Amino acid sequence: MLYFSNRHGALHAEGVPLATIAARVGTPAYVYSTAALQASARAFRAGLAPIPRKQLAFAVKANPNLAVLRLLAEEGYGADIVSGGELLHALAAGMPAAGIVFSGVGKTRAELAAALDAGIGQFNLELEEEGVVLAALARARGTRAPAVLRVNPDIDAGTHAKISTGRRQNKFGVALANAAAIYARLAMLDGLELRGIAIHIGSQLADLAPLEAAYARVGALVAALRAAGHRISHVDLGGGLGLAYRPGEVFPTPAAYGAMVARVTHDWDVTLMFEPGRFIAADAGVLLTEILWVKPGAVHPYVIVDAAMNDLARPALYDAFHDFAAVRPTGARMTANIAGPVCESGDTFAMGREIDAVRAGDLAIFRTAGAYGATMASTYNCRALVPEVLVDGDRFAIVADRVTPAAKLASQHLPSWMNSVEPAASPRRAA
Ligand code: LLP
């Protein structure tokens with residue numbers, strides 16, 4: 001929050017007044033802080049100081065902006081990717097291929113081939129057949145694919161159901177009970193260099209206990225695999241460390257997480273891999289918006305902002321809380337609902353929340369929007385795709401353009417069997 005703070009009565013991103021960015025770029029717009037990204041990347045790494053051998057891979061899905069990835073590459077982070085598109089982004093940002101880990105439950109053959117050709121560091125296999133296909137692709141290239149097997153530990157991570165991934169009914173990984181047999185079969189394939197296990201039980205975890213329980217199950221599996229003669233050199237512990245979205249919320253720190261990991265894994269003798277996304281990016285971004293109207297409501301007034309669920313989907317999807325603050329707070333407060341212009345009641349950021357008093361024309365921000373914000377944006381209601389701005393001290397740059405409805409329209413085509421639209425022929429003009 002330090003990086004988006006009030007200076008002389010107005011919110012700034014580092015040294016830049018948010019009003020300056022709104023005037024130059026327009027709203028809505030995501031604004032990221034370089035210093036905040038660096039601070040969280042360093043805090044996460046520092047928390048893992050007790051871990052002797054480790055690799056950090058930023059979960060690109062949290063924020064695939066090229067400049068953000070570039071910055072994290074400079075911080076020594078690799079990338080955890082889940083698609084060919086994310087591979088493209090990570091490579092374009094200069095992340096070394098060797099530091100790229102390919103997760104994801106539905107990798108296509110074309111994506112596997114592209115990742116092999118790029119020489120990425122590790123494939124996290126989600127099922128046996130994927131390993132067979134990958135091995136064949138690697139053999140055809142005269143190479144061996146470094147891979148680990150993702151297991152599903154059947155642990156409830158205690159987070160929102162839509163972002164829990166480690167329960168047995170979830171689609172991810174292979175059941176723990178089948179893992180050793182699958183591992184043994186995959187280990188015999190020529191095209192694979194099978195070297196360990198991966199796990200990821202969910203996101204925005206508020207409690208270390210489920211993680212610890214899941215890691216303990218992985219530890220038992222590693223011991224069993226070794227007893228069966230397998231060489232285990234890598235274990236990928238996934239991401240998931242949560243952080244406060246509401247003022248006053250308390251979450252485990254990276255240091256507490258690192259201490260737990262060190263304790264549970266002390267005798268594993270492997271390189272540990274980590275895939276943090278949200279922890280690195282969430283607090284480093286805000287969504288800057290303008291208040292369009294304040295209209296009366298049945299119980300509380302509606303503050304209608306120019307950002308909507310297509311720009312920041314998390315409240316509509318997960319009932320997520322994003323703190324709201326006026327860019328020029330007067331000190332007055334109001335209780336209001338906050339909603340966007342999209343034609344759904346789900347396009348609501350808050351109901352009956354006490355907020356800074358705002359009026360039409362004011363600027364405001366939604367905080368903690370740097371992760372799973374812009375990347376989940378859409379053009380629903382034929383709205384523009386929201387732009388992204390990176391601040392560094394007193395300077396800022398547009399790091400993703402606003403994609404206008406006109407540009408989106410230009411990508412559409414009428415089929416040859418329809419008559420093209422002649423503007424002059426429109427009835428109203430003809431009249
Ligand atoms: N590794 C794997 C295999 C994952 O599936 C994920 C997130 C991560 C790492 C990063 O997790 P993190 O450190 O960011 O918690 N759109 C949702 C979050 C979906 C997370 C999906 N997987 C949201 O806005 O809350």
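Every number for a ligand or one of its atoms is a count from 1 in the order of the listing. Bear in mind the structure is a predicted one, so any value in this text is a computation, not a measurement.
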For [atom], what's the nearest protein heavy atom and its distance?
| atom | answer |
| --- | --- |
| atom 21 (C) of ligand 1 | K61 CD, 3.8 Å |
| atom 8 (C) of ligand 1 | H200 CE1, 3.4 Å |
| atom 16 (N) of ligand 1 | Y318 OH, 2.8 Å |
| atom 20 (C) of ligand 1 | Y372 OH, 3.6 Å |

Which is it for [X] and ligand 1 at heavy atoms under 4.0 Å: side chain, backbone, both or neither?
| X | answer |
| --- | --- |
| A59 | side chain |
| F279 | neither |
| R278 | both |
| L205 | neither |
| H160 | neither |
| R314 | side chain |

*asked:* Using side-chain contact (heavy atoms from CB on, under 4.5 Å), reason through N124 and L149 one step at a time and then give a plain yes or no.
replied: CA-CA 6 Å; N124 290 7; L149 181 63; over 6 Å; no
Report yes if the distance between the aromatic ring centroids of [X] and [Y] is under 6.0 Å, otherwise no.
| X | Y | value |
| --- | --- | --- |
| F366 | F324 | yes |
| F349 | H322 | no |
| Y183 | H230 | yes |

Per-atom contacts of ligand 1 with [X], taking only distances under 4.0 Å to non-hydrogen atoms:
| X | value |
| --- | --- |
| E275 | 1 (N), 2 (C), 3 (C), 8 (C), 9 (C), 10 (C), 13 (O) |
| M376 | 16 (N), 24 (O) |
| D80 | 1 (N), 2 (C), 9 (C) |
| G240 | 11 (O), 12 (P), 13 (O), 15 (O) |
| P276 | 13 (O) |

Taking [X] first and then [Y], would you say they form a salt bridge - that is, a charged N and a carboxylate O separated by under 4.0 Å?
| X | Y | value |
| --- | --- | --- |
| R150 | D236 | no |
| D117 | R141 | yes |
| K61 | E86 | no |
| R333 | D356 | yes |

*Could you pull out all residues at least two apart from K408 that satisfy side chain to side chain contact (heavy atoms under 4.5 Å, CB included)?*
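Result, side chain to side chain contact (heavy atoms under 4.5 Å, CB included) vs K408: T379.
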*So between G239, G277, S203, whose heavy atom ends up nearest atom 15 (O) of ligand 1?*
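Nearest heavy atom to atom 15 (O) of ligand 1 lies in S203.
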*May I ask whether I163 places a heavy atom under 4.0 Å from ligand 1?*
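Right, I163 reaches ligand 1.
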*A62 heavy atom under 4.0 Å from ligand 1*: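 In this structure, A62 fails to qualify as a contact of ligand 1 - no heavy atom is under 4.0 Å.
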*Flag R150 as yes when one of its N or O atoms lies below 3.5 Å from any N or O atom of ligand 1, and as no otherwise.*
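N/O-N/O distance below 3.5 Å does not exist for this pair.
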_Please verify the inter-ring angle class for F279 with F44; under 30° counts as parallel, over 60° as perpendicular, anything in between as tilted._
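Because their plane-to-plane angle lies in the 30° to 60° range, the rings of F279 and F44 count as tilted.
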_I need the full list of side-chain hydrogen bond (donor to acceptor under 3.5 Å, both in side chains) pairs touching residues 38-53, with sequence neighbours left out, sorted by first then second residue._
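Qualifying pairs, neighbours excluded: R42-E75, R53-D269.
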_Could you tell me if R353 and T335 have a donor-acceptor pair between their side chains, going purely by distance under 3.5 Å?_
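The answer is no; no qualifying pair exists.
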